[in-house]
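Remember, predicted model here, so these are calculated numbers, not experimental data. Counting convention: from 1, in listed order, for ligands and their atoms alike.
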Amino acid sequence: MRKITYAFIGAFGFTMMSVGILAQQPQHHWAIVVHGGAGVIERSALGPNGDKDYRAGLDRAIHAGADVLAKGGTSMDAVEAAIHVFEDDPLFNAGKGAVFTREGKNEMDASIMDGSNLKAGAVAGVTRPRHPISAARAVMEKSPHVLIAGPGADTFAASAGLEMEEPSYFFTESRWQALVKQLKKEGKPIPPRPAGVPPESSTVPVAQFDESPAMHRYGTTGVVALDKNGNIAAGTSTGGMQGKMPGRIGDSPIIGAGTYASNQSCAVSGTGTGEYFIRLGVAREVCNLVLFKRMKLQDAVDQVIHKELEALHGDGGVIAVTPDGQMAWSFNTPGMFRARLAEGGKVEMGIYNDEK
Ligand code: ASP
């Protein structure tokens with residue numbers, strides 16, 4: 001009788017344990033890393049106000065993404081939300097505040113990738129969607145394609161119901177002056193001021209134009225995130241390289257170069273001179289080192305940036321995250337706007353290469 005009782009209690013306990021295990025979803029600690037571009041970013045060029053403003057911008061973006069993750073939202077939603085903040089912030093080279101082509105136009109590139117299913121979407125050379133990252137996501141979710149470029153991408157974004165703007169919306173005086181400065185230096189013709197933008201005003205403080213032109217070549221934005229379900233995602237949004245040829249497409253909308261995400265390995269977003277990132281397939285290269293060489297994430301990003309990119313004389317950086325919560329960044333430029341945050345932790349932020 002006693003034996004039977006024990007057997008009953010044992011079976012009951014085991015059943016309750018199994019029910020408990022089944023009912024409990026695997027909970028991961030969420031994590032998010034953001035970048036606002038890499039380049040010749042020096043204290044002397046930024047000044048105390050620039051420094052403060054960029055840090056505030058990074059803080060707003062990372063918290064927009066973290067809020068989504070803390071509420072149990074997906075890594076895709078977190079990436080999109082954080083990049084929206086960058087795209088609305090004229091300090092960053094994405095959406096409003098994008099750099100100009102040498103013909104004086106804003107042609108923007110963006111991409112997003114879902115590590116849980118390897119679905120991806122991208123747009124290149126768009127001139128109208130307020131949030132190019134959402135246009136990229138629409139390509140992934142509402143079209144049979146991965147990458148749509150040029151006027152077709154603008155038309156598609158409008159038909160997907162996204163918020164559209166006149167090209168003049170993306171104009172900022174400081175980016176314009178930086179272009180003029182660069183073209184003058186290179187002895188190239190200065191394009192006419194874009195239609196519909198305010199006339200050049202002598203009341204705009206000169207200091208605003210005084211930043212090093214190198215600053216303006218960068219400022220691309222990217223986000224990688226891990227959600228509570230263990231899924232990772234990556235996204236990148238940019239105006240590209242200042243003074244680029246019309247129609248030039250960088251690495252940011254190229255899956256495998258500027259953006260990559262797979263739950264098998266990691267999620268990566270890059271920034272830098274895109275031509276090198278395309279040639280090396282930087283984002284996918286980092287993930288391959290994690291997947292096939294079983295490298296720690298930090299070792300993988302350092303190997304790609306400090307060995308492989310440098311061997312080509314390329315410049316730039318990456319941010320990355322793995323499904324098991326490793327976060328990393330690496331860059332070989334004097335600075336990269338960057339921040340990271342893991343559930344229960346504090347935001348770690350940096351701009352210059354002498355910060356942690
Ligand atoms: N990678 C971007 C491009 O080449 C620029 C940047 O990251 O600053 O278009």
Side-chain angles (χ1 to χ4, degrees), residues 33-41 45 54 57-58 61 83 86-87 89-95 97-102 105-112 122-127 132-133 136 147 149-150 153 170 175 178-179 182 211-224 234-260 268-286 301 304-305 309 312-320 329-338 351:
V33 191
V34 306
H35 74 73
V40 185
I41 306 163
Y54 275 100
L58 284 169
I83 292 185
F86 281 134
E87 289 174 337
D89 187 336
L91 283 181
F92 294 94
N93 174 18
V99 298
F100 291 94
T101 65
R102 68 170 67 156
K105 304 226 165 68
N106 300 116
E107 295 181 356
M108 297 165 287
D109 301 335
S111 65
I112 192 163
V123 289
V126 291
T127 61
I133 194 70
L147 170 60
F170 301 96
R175 293 285 189 208
L179 173 76
Q182 180 189 335
E211 293 165 35
S212 130
M215 272 291 310
H216 289 279
R217 302 184 78 119
Y218 302 95
T220 288
T221 68
V223 179
V224 294
T236 311
S237 180
T238 187
M241 301 288 286
Q242 175 175 289
K244 66 188 178 181
M245 288 174 66
R248 178 265 189 188
I249 295 171
D251 59 312
S252 308
I254 307 297
I255 296 302
T259 302
Y260 196 75
V268 178
S269 169
T271 170
T273 306
E275 281 67 16
Y276 297 98
F277 280 61
I278 295 174
R279 288 161 64 196
L280 268 179
V282 161
R284 180 68 204 249
E285 178 73 354
V286 169
V301 292
V304 173
I305 296 302
L309 186 66
L312 286 186
H313 305 291
D315 59 334
V318 291
I319 53 169
W329 52 50
S330 190
F331 54 100
N332 67 354
T333 45
M336 179 165 88
F337 298 110
R338 60 198 188 275
I351 298 181

Using a 4.0 Å cut-off to any heavy atom of [X], which atoms of ligand 1 qualify?
X	value
Gly240	9 (O)
Asp251	1 (N), 2 (C), 3 (C), 4 (O)
Thr220	2 (C), 5 (C), 6 (C), 7 (O), 8 (O)

For ligand 1, is there an N or O atom under 3.5 Å from any N or O atom of [X]?
X	value
Glu275	no
Asp109	no
Thr271	yes

Requested in this report: Check whether the side chains of Ser237 and Glu87 place a donor and an acceptor atom closer than 3.5 Å, and report yes or no.
Outcome: yes
Query raised in the report: Would Ser269 and His35 count as having a side-chain donor-acceptor pair, cut-off 3.5 Å?
Result: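 A pair is found: one side chain offers a donor N or O, the other an acceptor, under 3.5 Å apart.
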Requested in this report: Please report the C-alpha distance between Thr273 and Asp315 in whole Å, then the side-chain angles of each, then the deciding distance to 0.1 Å, and finally whether the side chain to side chain donor-acceptor pair (under 3.5 Å) criterion is met.
Outcome: CA-CA 6 Å; Thr273 306; Asp315 59 334; 2.5 Å; yes
Query - pair Asp109-Ile249: side-chain heavy atoms closer than 4.5 Å - result: yes
Query raised in the report: Any ion pair linking Lys244 and Glu275 (charged N to carboxylate O, less than 4.0 Å)?
Result: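 Result for this pair is no, no salt bridge flagged.
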Report task. Record the part of Arg248 in heavy-atom contact with ligand 1 below 4.0 Å; permitted values are side chain, backbone, both and neither. Result -> side chain
Requested in this report: For side chain to side chain donor-acceptor pair (under 3.5 Å), just list the numbers for Ser252 and Thr238, CA-CA rounded to whole Å, side-chain angles, deciding distance to a tenth of an Å, and then say yes or no.
Outcome: CA-CA 7 Å; Ser252 308; Thr238 187; 4.5 Å; no
**Report entry** ligand 1 contact by Ser252, heavy-atom criterion under 4.0 angstrom
**Finding:**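 Yes, Ser252 has heavy atoms under 4.0 Å from ligand 1.
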**Report entry** Parallel, tilted or perpendicular: ring planes of Tyr54 versus Phe337, cut at 30 and 60 degrees
**Finding:** parallel
**Report entry** Ala257, Gly272, Gly274: member with heavy atom nearest to atom 2 (C) of ligand 1
**Finding:** Gly272
